[in-house]
Structures are given as structure tokens and as C-alpha cells.
There are 2 protein chains.
Amino acid sequence: MKKKNNRITINDVARKAGVSSAAAGRALGNYGYVSEEIKEKIMRAAADLGYVANQVARAMITGKSQTIGVVGADISNPFFAEALRGISDVARRHEFGVLITSSDEEVPREQDAVRILLEKQVDGLIVSPADINNCRHLQQAISQGIPVALLDRQLSTLAADAVLIDNVHASREATRYLLSCGHHRIAIITELSSDYDARLALEPEHFSRIDATRLNSSGSRLLGYLLAHHEMGIPVERALIRRTGKYCAQRAYEETLSVLDEVRPGAIFAVDNVMTQGAYRAVREREIAIPDGLSFFAFDELDWLTLTTPRISTVAQPIYKMGVHVAELLFRRISQPDLPVSWQTWQVEMKLRESVAKAGEVAAKQDI
Amino acid sequence: MKKKNNRITINDVARKAGVSSAAAGRALGNYGYVSEEIKEKIMRAAADLGYVANQVARAMITGKSQTIGVVGADISNPFFAEALRGISDVARRHEFGVLITSSDEEVPREQDAVRILLEKQVDGLIVSPADINNCRHLQQAISQGIPVALLDRQLSTLAADAVLIDNVHASREATRYLLSCGHHRIAIITELSSDYDARLALEPEHFSRIDATRLNSSGSRLLGYLLAHHEMGIPVERALIRRTGKYCAQRAYEETLSVLDEVRPGAIFAVDNVMTQGAYRAVREREIAIPDGLSFFAFDELDWLTLTTPRISTVAQPIYKMGVHVAELLFRRISQPDLPVSWQTWQVEMKLRESVAKAGEVAAKQDI
DNA sequence: TTGAAAGCGCTAACAT
DNA sequence: ATGTTAGCGCTTTCAA
């Protein structure tokens, strides 16, 4: 019978093996010198007693918890879940634990999450910041010596590694493709919760005054959309820009119904997986044929985009790989804190499928 | 300048506030007696210094880490991601951290994960056991005083709370529905990685000798399928039972192609979300019309099941809620270890949509 | 109400 | 190569 807790400690093992606790520590923790003979005795004693190492005590003294923290928008979002899988695979390889939290894209929740993770003494953080104009808490983590790696968002003001895609470019390419198919009235369904992003929706004609480094993903994607129009000399109708204000399929559904009913665009561009789900549902509800009655372009690859009829064109990000690499950047920095900051920009892939038709061809079909 | 680490400790705060470290601990940790006056001084000093509490040190002494561990099959699986969201919402409410791991349905990985989580001194575990016939490691956790709550699987031999659905019943209902629609040749696409489950696929006619309490979900669902046939006096062709051996959409795709080519069933029953994805892809690849050429029934509700044409019938589990409740059961047990074991069986919902047609009606249509 | 002191389980100096 | 000892940062007796 032990004092309070019946848990077996290193002292119990040492006593049973007839050695000092230091020797037991060395054998069990695999550090320092221990003779094979004694080590074996200790290991046997540990196995007999059912000893389980106490990482908390180890963390206390080494100052390393062998744990990283992840702050994502929403774990149940397939995008994040896939990235998390990559992160956790790498963490397992390094024998690190992964503590997860959700911010739901809200800055106060993100701050809370970061604080709790820091109190738990994580050795590093992977964050998809809710608002890149609002991240003193991340700065603080870094100045406390806890490295931060950013997923899917970049922060020029922060000494943090990042893994991302070029959102402006990706969105511009997709929009150019739609425009070049003859669709001059493309509705864009996007989130734009941050104030700075929202400005772009409110004054699209002033996009040149916007500081692209202050835009979140949805802002960047809207900028790409605007740039593509500008470059091709096609004016943008304000009513085509639909802002949900939050990451919510239901809101995307509502905005899409409204844009279909009020503006009746020739194409819809849904700029992330959540928007895609809501927007596509709305199109189905209105029983508009794709691509003959409406072209549809998505963002992010989802399992089901090739299971619909027709299959849906999209901009695919290598999400799992991005998760793997952001974790690798973080572990690299944990072991080498003084490396220069590294931003990895990954290529997206345009998956051109049958959900987009040339505007002319629809007319041709109808003529027959 | 501090000794090694530049981190601010409770002693730094105490010194700055001119009080003892004990007083600072009481104020910062919100326990014991502190006068308002002194408390305020301490809080101000802490804020000035940017003090961050060290939960590791707290855990060390209290023996509670305020963290739970979750062992799931695969975080990137939408089913698990959704449940995890429920778990993490509850954990946040309790101000607990959530450590996640993936077992990929492999027992050794699960054992590893549990060991690591125990070493990290988690206060409880939520597990979806890979193989319910193989869980001494869970028994061990419980006997160490670390409560375990089971998600989606039940273990009669273990003193662990569980949240589940009646898989046999759910599958039997779905199968009865298909049979009653006149489909007497229903292919079932299922995982069956555990040896005990696999036996059911190898000798389906001996299902009555099977101990239902030893079956995993996929085994239980196969049993439901067999029972429905038995009850309705319809023989089961062995070639209709397709076993992928692992949770893998590609394998489901292959097995479905093969069953379509070799046996050409009248209906397909895909018994989880991963199987559904692979099976549906195969049906599309063979360009078989649903429901006229083939009826299709899925298991688990997925976003896209209502976005296909026709919409896909399925057995829906209340996944998020199940995650919430398994976490609540765990927290209840953490605070009251001596409560009797509780198993919550949740109702599934049959979502009958257009992917299933009566066998007769197809003929009728063809007659016209 | 406050402070002094002991100690959680382990590692890291240091001495042997 | 092994043992002794002093903490890591905090909570928790216990005395004052």
C-alpha cells in the first residue's frame, strides 16, 4: 500500500530491484550509464510492478512536455480533419502528443485556446489564425519561446513558419477559366468574416487599395476573383459577391438561393468546402441543371465532388501533405529555434470536370 | 534574468507583489484564503510580468492533468471527426484538454496510444476499440484508476461506460426494408477485419453459433443482415458477402466492382461511410442506374448523400450527440468513480430516399 | 488570513 | 558505472 495514490513510481521499482532511484531512472528513461545486468533487473522489476512512466514529472524537470497544440477552426470540417491527420502522423513519428482545440474562427476562442495550451506547456503550436490582423497572442507565444507554425494562413508580421497555398493565384486561375468559358456573370459565395476582408466585398472597385498581406483566405480568394475580372476587362456586379459572414453551409445555401433568384448568374464559384456544400444544395433545390443552366466551380477537393452528376470542377489543395509539412516545420523549429523563418507555398491543382460548360455551347445545344 | 528558463514563475510574481509564494499560489490558483487587497496586488503583478500558469506543475502535485485522451480509428474519417467535435466541445466546457491519437483499427497501435496517454497522466480515456476481443490494455487503464468510456463499441467484459447504437438491429431493419422491396440478392460491402467478425463471412449459415457480444460493428451489421434474411426465409448467397479486410474506400470500390461483375446483385448495402464511398464510386463507374438498375443503401449520414441523383437512403447515427454523451459519461465517472457502469444505446434513424426502388416497379417501368 | 516548509516523481549535477 | 542530493513549479499541510 502506497501513501495516497497506488501508482507505482520509480522508487518502487528501484526498491524492488535493489538499486538507487537514479539508476532506475537511467534504465527506465534510457539515458546515462547503466550496466546491462542492472538494467535488466530494473526492467524486470518495472514489468512485474506494472510501472508506467510519469511524463508529467519528466516534463516538469526537462521543461519539455513532448506535446504540441493545434488550434484549428473546426475539427469536424473535412479540410481540417485531413490536415490534422497529417499533423498527428508526424507527431506520432516524433513520439509527441497532439492537443486539439477549435476556435470556430473566433478570435477570443483562439486566444483562450492558445492560453490553455501554453499553460499545458506545449512545446509548439500549429495554428490556422481566425484573423490575421489579430494575433498578439501568437506573438506572445513566440516571445515566450514556444514556436508557432501557421497552416493555411500567412502572417508577414510574425516570425512563424507557414504552409500555405497562393489563394489569390488559385482563385484568379479558377475565375479566369470561368470567364474564358464565356461566363461574365459569376456569383462568388464566400465567408469574409474579418472586417478587412469584408471591405473588399463592400467596395470591390477599390481592390487596388487593398493590402493583400492583410487578407485571410476568403479575402484573398475574392481578390483573385476581382483581379481576374479586371485583367480581362470584365466589370464585376456587386450583387454577384455573396458574403455569408461565417463558415456555415446553411448561410451559403441561403446566399446562393438568393443570388439565383435575384441575379441569376451564369456560374457559381464557391470558395471553400463549406460554401460548396451549401451552394450546391441550393442549386439542386432550384432544380437548375449543371452545367447547361449554370456552371459550378468549387474550392477544395471533397470525396463527393466526383460522385455527383456531373462531376464538379474544383481547386484542389494537397491538404494531408500540408498538414504533414506544417508539423515538420514545427518540429524542425523545436529542435533548431534559430533557423530563418520558412514559408512553404504549395501548388494547387485545377480539377477540370464537367460542371463547367462554355456559355456558347449551351446556346448551341438549345438550338438543336 | 532567471536561472535557465526565462519563464515567469509563481515565485517571481510573489516577489514582485511582496508576498509569499503560497499566497501567490492561492490567488492565482483560486483556492484557499486570500484577502481581496492582496489578491489584487498579486493579480496585477502577474499581469505585469506576463505570468502564465504552469499546469504541468499543478498536475504533478494534484495528480490531475485536466486532460482526456481519445483513441479513434482515423481522425480524417468524417464519422470520427464529427464525434471528436462533440467530445471536444464538452471538454472545453469542463476546461479539459483533449489529446488525440489514431489506431487505424490496429490493436498494437491502439495499445501504444493508450500507453502514451497513460504516461501523459490523462484523467480519462475515450476509445473506439479496434478489436473488442483484444483489450487487456483498457482493462489495465481501468485498474490503474483511469476511467475508460467506449464510443461506438461495447465491451461486456469491461467496467467501462459506453455510447453506442444497436448495430444488429439497425442493419436488420435496413436489410428487411431492402428484402421487402423485393430485392432478394443484396450484396453487403463490409470491413470485417477482426478474426471473429470474419468467421461470420466465412460461414454465414452458422450465424446462430456466433456470440453477438464478441462482434465489432461491422460484424454486428453483417449479423443483422443475416438475421433479416433468416427471418424472412430468404437464403443468403455467400458471394454476396464482400469483405474488404480494412477500412479503406479503395478496397470497397474493388469488392463492389467485383460483386457487380460476377454476381450482379439487385441491391447493395454498404455498411459504413468508408464502404459507402468506395461502393458508390464503383456503381457509378459501371454506369448502372440507381435505383432502376440497382438499389443502394448506405450506413451513416454524410453530407453528400442528399446531393447525388437520386439521393441515397441510409441509416443515420446521431454522431455528434454520441460524441457529446460519451464525453459526458467520462466526466461523470471522473468525478464519481463508483457509479454503476452505464451503456447508452442511441436510436438510429432510417433515412429512406430515392436510391431504393421496389424490384417490381423496375419491371413495370421496363414494360412501358 | 498569511507564511514556512515539505514534497509530488522524476532528472541532472555531482561525488564516489 | 552507481548512488546522493538538489531541485523543477506548484499545492498543501501546519504554525503563526
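Lettering of chains follows the sequences in order, A, B, ..., and the numbering in each one begins at 1. Treat the numbers as computed from the prediction; the structure is a model and nothing was measured.
For B:V19, taking side-chain heavy atoms from C-beta onward, the closest of the listed nucleotides C:dG3, D:dC10, C:dT11 is C:dG3.
The nearest whole Å value for the distance from the CE atom in A:M60 to the P atom in C:dG7 is 15 Å. We find that CD1 of A:I42 is positioned 14 Å from C1' of C:dT11, with the value rounded to whole Å. The CG-C1' distance, from B:N30 to D:dC10, rounds to 15 Å in whole Å. D:dT2 atom C1' lies 15 Å from atom NZ of A:K39, rounded to whole Å. Between A:E37 atom CD and D:dT2 atom P there is a gap of 8 Å when expressed in whole angstrom units. Here the P atom of nucleotide C:dA12 and the CD1 atom of A:I10 are 11 Å apart, to the nearest Å. Between A:Y33 atom OH and C:dT16 atom C1' there is a gap of 15 Å when expressed in whole angstrom units. Residue A:D12 contributes atom CG, which lies 13 Å from atom C1' of C:dC8 at whole-angstrom precision.
Using a 4.0 Å heavy-atom distance criterion, A:I38 is classed as a sugar-phosphate-only contact. Among the atoms of the strands shown, none is found under 4.0 Å from any heavy atom of A:V56. Within the 4.0 angstrom heavy-atom criterion, base atoms lie near B:A22.
For the side-chain hydrogen bond (donor to acceptor under 3.5 Å, both in side chains) test with A:D89, the passing option among A:R93, A:R85, A:R92 is A:R85; the others fail.
Counting heavy atoms from C-beta outward, A:S128 and A:F79 have side chains that stay 4.5 Å or more apart.
Between B:S35 and C:dT2 there is a side-chain N or O to OP1 or OP2 distance below 4.0 Å. Taking 4.0 angstrom as the limit, A:Y31 places a side-chain polar atom (N or O) nearer than this to OP1 or OP2 of C:dT11. Contact annotation: A:S20 side-chain N/O to D:dG3 OP1/OP2 distance is under 4.0 Å. A sub-4.0 Å separation between OP1 or OP2 of D:dC10 and a side-chain N or O of B:S21 is absent. Between A:R58 and C:dT11, a side-chain N or O to OP1/OP2 separation shorter than 4.0 Å is present.
Taking the centre and axis of the six-membered ring of B:Y31, the NZ or CZ atom of B:R26 falls outside the cone set by 45° and 6.0 Å.
Ring-plane geometry between B:F331 and B:F96 is classed as perpendicular, the angle between the planes exceeding 60 degrees on a 0 to 90 degree scale with a lower cut at 30.
Between the side chain of A:S194 and the main chain of A:D131, no donor-acceptor pair closer than 3.5 Å is present.
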